Protein chains: 2
Amino acid sequence: MRPDTDTDDRRRYNDACAAAHALDLVGERWALLVMRELMTGPKRFSDLRANLPGISANILTRRLHGLEGIGVVERRELPPPAASKVYALTAWGYQAEPILRELGRWAARSPWHDPTMPFSSASLLLSLRTMFDAGRAAATGVDARVGFAVGHDRFLARISGAGIDVDHGDLDLADVVLTGAPEAVVGLLYGGVPLADLEASGALSVDGDRALAAALPGLFPLPPKAEVASD
Amino acid sequence: MRPDTDTDDRRRYNDACAAAHALDLVGERWALLVMRELMTGPKRFSDLRANLPGISANILTRRLHGLEGIGVVERRELPPPAASKVYALTAWGYQAEPILRELGRWAARSPWHDPTMPFSSASLLLSLRTMFDAGRAAATGVDARVGFAVGHDRFLARISGAGIDVDHGDLDLADVVLTGAPEAVVGLLYGGVPLADLEASGALSVDGDRALAAALPGLFPLPPKAEVASD
DNA sequence: CTGTATCCGTGTTGATACTG
DNA sequence: CAGTATCAACACGGATACAG
């Protein structure tokens, strides 16, 4: 299926600029957020729906079909025992990650960004890759593995002065494991919430090197807020 | 004006993910393309309209007001002789450039990207910054200034193995100046059209170091096209 | 349980015409 | 040149019903 099969020509930008073409492809409402959810690996329809608050089933169906039609998403049938279908990004789909990172980096400066809303584990993983500051890790000499057990996902971040590498991985290899909702991890890393408070309330549990966990907030600095005249 | 003053809550994603918030702010149709046009400096209403093929006046008005309301665009009155109004990006607005670059880099891989459509000089400038390959410039030892006189804009690109720096500048400093429509420059740099053909047809004129002009296409390689199953 | 199809109310979009 | 007013078309989201 070609994109113009189901998209009216008036809906397209008719602009040779590749950025405009990108918006022809994935500029519809929800499209990039569906891709965001798939950045952490294949997901089922209901997983997607659960992590995209407010999307309706028919819109999710349309987006998945649309993205499949342009070669960004593919549908996979799992082998017999699972007997389920999942949606996955194609290689090209995964290459859209820098778009999400730059969108996030830019909007983190927004005076109206409200970090208290629902936050998926896919968003958390992407935010780690986006906000990690290798210079600070080098300055503090950190070289460690941090495990995250958030929602149904578990991933492992290897952090050092050379950079960050986050992926699904064996949490037994981690120096410290944080267990809790993505929102709790966000509170720790970006919200300035003391680790002790999160543990006291039961929002987050820490297993392993506590000093390492306490040092994490300094490694993911948020950019300064933009100054907006009228407010 | 706050964003939720004129945007229904149902229209927003209600997601703490900063990328989702970015789409709340600039995810509406045309918004990012308006910002693209302003990336090369302040523009008048009619300039914007001319370089955004198909946008209607009322939509442009709404987007400009919306972007002004969130602090991405500001309206400036030019001093008396000019007696005109222009729209300009704020500092925060200019920081959105990486979003446009990554959108463009990604969509350049699309099998359906049609480079024969209208192309603004702002798009050309951004594409130079996006596609420049410093490694190739280093390998060929290029270290030069290339002037572009496209449409009403003139800008100067300093290119070397250290990177590219494109901005408005004095074309007298250039080693070579290319004059023509943005589409002709695109044909040369990305379309594989021989320089001689473009000159013969009058689409492009070259003033200065012709060997340098002929070497340019190799410095802005496009990424390989994505492989899409069904087509 | 995992989607898919259809209807319908609502709001955004876009074309045309028009005004300062 | 720089927008505003009006109106039709369509995309979106919700609900419901249905299919594997």
Side-chain angles (χ1 to χ4, degrees), chain A residues 3-4 6-15 23-34 37-38 42-69 73-78 80-88 152, chain B residues 3-15 20 23-34 37-38 42-69 73 75-78 81-88 152:
Chain A
D4 48 20
D6 57 351
T7 304
D8 195 318
D9 230 43
R10 287 171 303 194
R11 257 347 253 179
R12 307 178 62 188
Y13 287 118
N14 295 327
D15 190 316
L23 295 171
D24 283 334
L25 294 172
V26 298
E28 285 172 308
R29 196 164 161 73
W30 294 108
L32 278 166
L33 297 189
V34 171
E37 286 306 307
L38 295 176
K43 297 266 184 311
R44 289 175 305 167
F45 190 90
S46 54
D47 295 328
L48 293 170
R49 210 178 165 188
N51 285 316
L52 294 169
I55 196 171
S56 48
N58 55 1
I59 293 292
L60 179 53
T61 298
R62 275 190 237 174
R63 288 297 164 274
L64 287 169
H65 287 177
L67 293 172
E68 190 182 2
V73 159
E74 62 186 11
R75 192 187 208 160
R76 293 194 198 145
E77 312 267 344
L78 260 46
S84 177
K85 299 167 188 77
V86 294
Y87 296 90
H152 296 179
Chain B
D4 48 17
T5 305
D6 57 349
T7 303
D8 194 318
D9 230 42
R10 287 171 301 194
R11 243 13 235 174
R12 305 178 64 188
Y13 287 117
N14 295 327
D15 190 316
L23 295 172
D24 283 335
L25 293 172
V26 297
E28 286 170 307
R29 197 163 161 71
W30 294 108
L32 278 167
L33 297 189
V34 170
E37 286 305 308
L38 295 176
K43 296 266 185 310
R44 287 175 306 166
F45 190 91
S46 54
D47 294 329
L48 293 170
R49 211 178 164 189
N51 285 317
L52 294 169
I55 197 172
S56 50
N58 58 356
I59 292 293
L60 180 53
T61 297
R62 276 190 238 173
R63 287 299 165 273
L64 287 169
H65 288 175
L67 293 171
E68 190 183 1
V73 159
R75 192 187 208 162
R76 292 192 199 147
E77 312 267 343
L78 259 45
S84 176
K85 301 168 187 75
V86 294
Y87 296 90
H152 295 179

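Letters go in sequence order (proteins before strands), and every chain restarts at 1. Please read these numbers as outputs of a predicted model, since none were measured by experiment.
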Taking the minimum atom-to-atom distance to the side chain of [X], which one of [options] wins?
X: B:Thr61; options: D:dT4, C:dT2, D:dA2; result: D:dT4
X: A:Tyr87; options: D:dG13, D:dT4, C:dG3; result: C:dG3
X: A:Arg11; options: C:dT4, D:dA11, C:dT2; result: D:dA11
X: B:Arg75; options: C:dT2, C:dT4, D:dG3; result: D:dG3
X: B:Glu28; options: D:dG13, D:dA2, C:dT13; result: C:dT13
X: B:His65; options: C:dT2, C:dG14, D:dT4; result: D:dT4

Which atoms of nucleotides 7-9 of chain C (N or O only) lie under 3.5 Å from a protein N or O atom, and what are those distances?
none

Query raised in the report: Does D:dA11 have OP1 or OP2 sitting under 4.0 Å from an N or O in the side chain of A:Trp30?
Result: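 Looking at the OP1 and OP2 atoms of D:dA11, neither is under 4.0 Å from any side-chain N or O of A:Trp30.
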Query raised in the report: Can you tell me if the side-chain N/O atoms of A:Arg29 get under 4.0 Å from OP1 or OP2 in C:dT12?
Result: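 Indeed not, no polar side-chain atom of A:Arg29 lies that close.
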Report task. Take the C1' atoms of the five end pairs on each side of the helix from C:dC1-D:dG20 to C:dG20-D:dC1, derive the two axes, and give their angle rounded to 10 degrees. Result ->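 What I find for the helix from C:dC1-D:dG20 to C:dG20-D:dC1 is an axis angle of 40°.
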**Report entry** Nearest heavy-atom neighbours spanning A:Leu38 and A:Tyr87
**Finding:**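 Here A:Leu38 and A:Tyr87 meet closest at CD2-O, 3.3 Å.
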How many whole angstroms separate atom [atom1] of [X] from atom [atom2] of [N]?
X: B:Asp47; N: D:dG3; atom1: CG; atom2: P; result: 12 Å
X: B:Arg63; N: D:dT4; atom1: CZ; atom2: P; result: 14 Å
X: B:Ile59; N: C:dT12; atom1: CD1; atom2: P; result: 11 Å

Query raised in the report: Centre of B:Phe45's six-membered ring, under 6.0 Å away, within 45 degrees of the axis: is that where NZ or CZ of B:Arg75 sits?
Result: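 Cation-pi check for B:Arg75 and B:Phe45: fails.
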Query raised in the report: Which residue, A:Ser56 or B:Leu64, contacts DNA chain D at a nucleotide closer to its 5' end, judged by nearest heavy atom?
Result: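 Per heavy-atom nearest nucleotide, the more 5' residue is B:Leu64.
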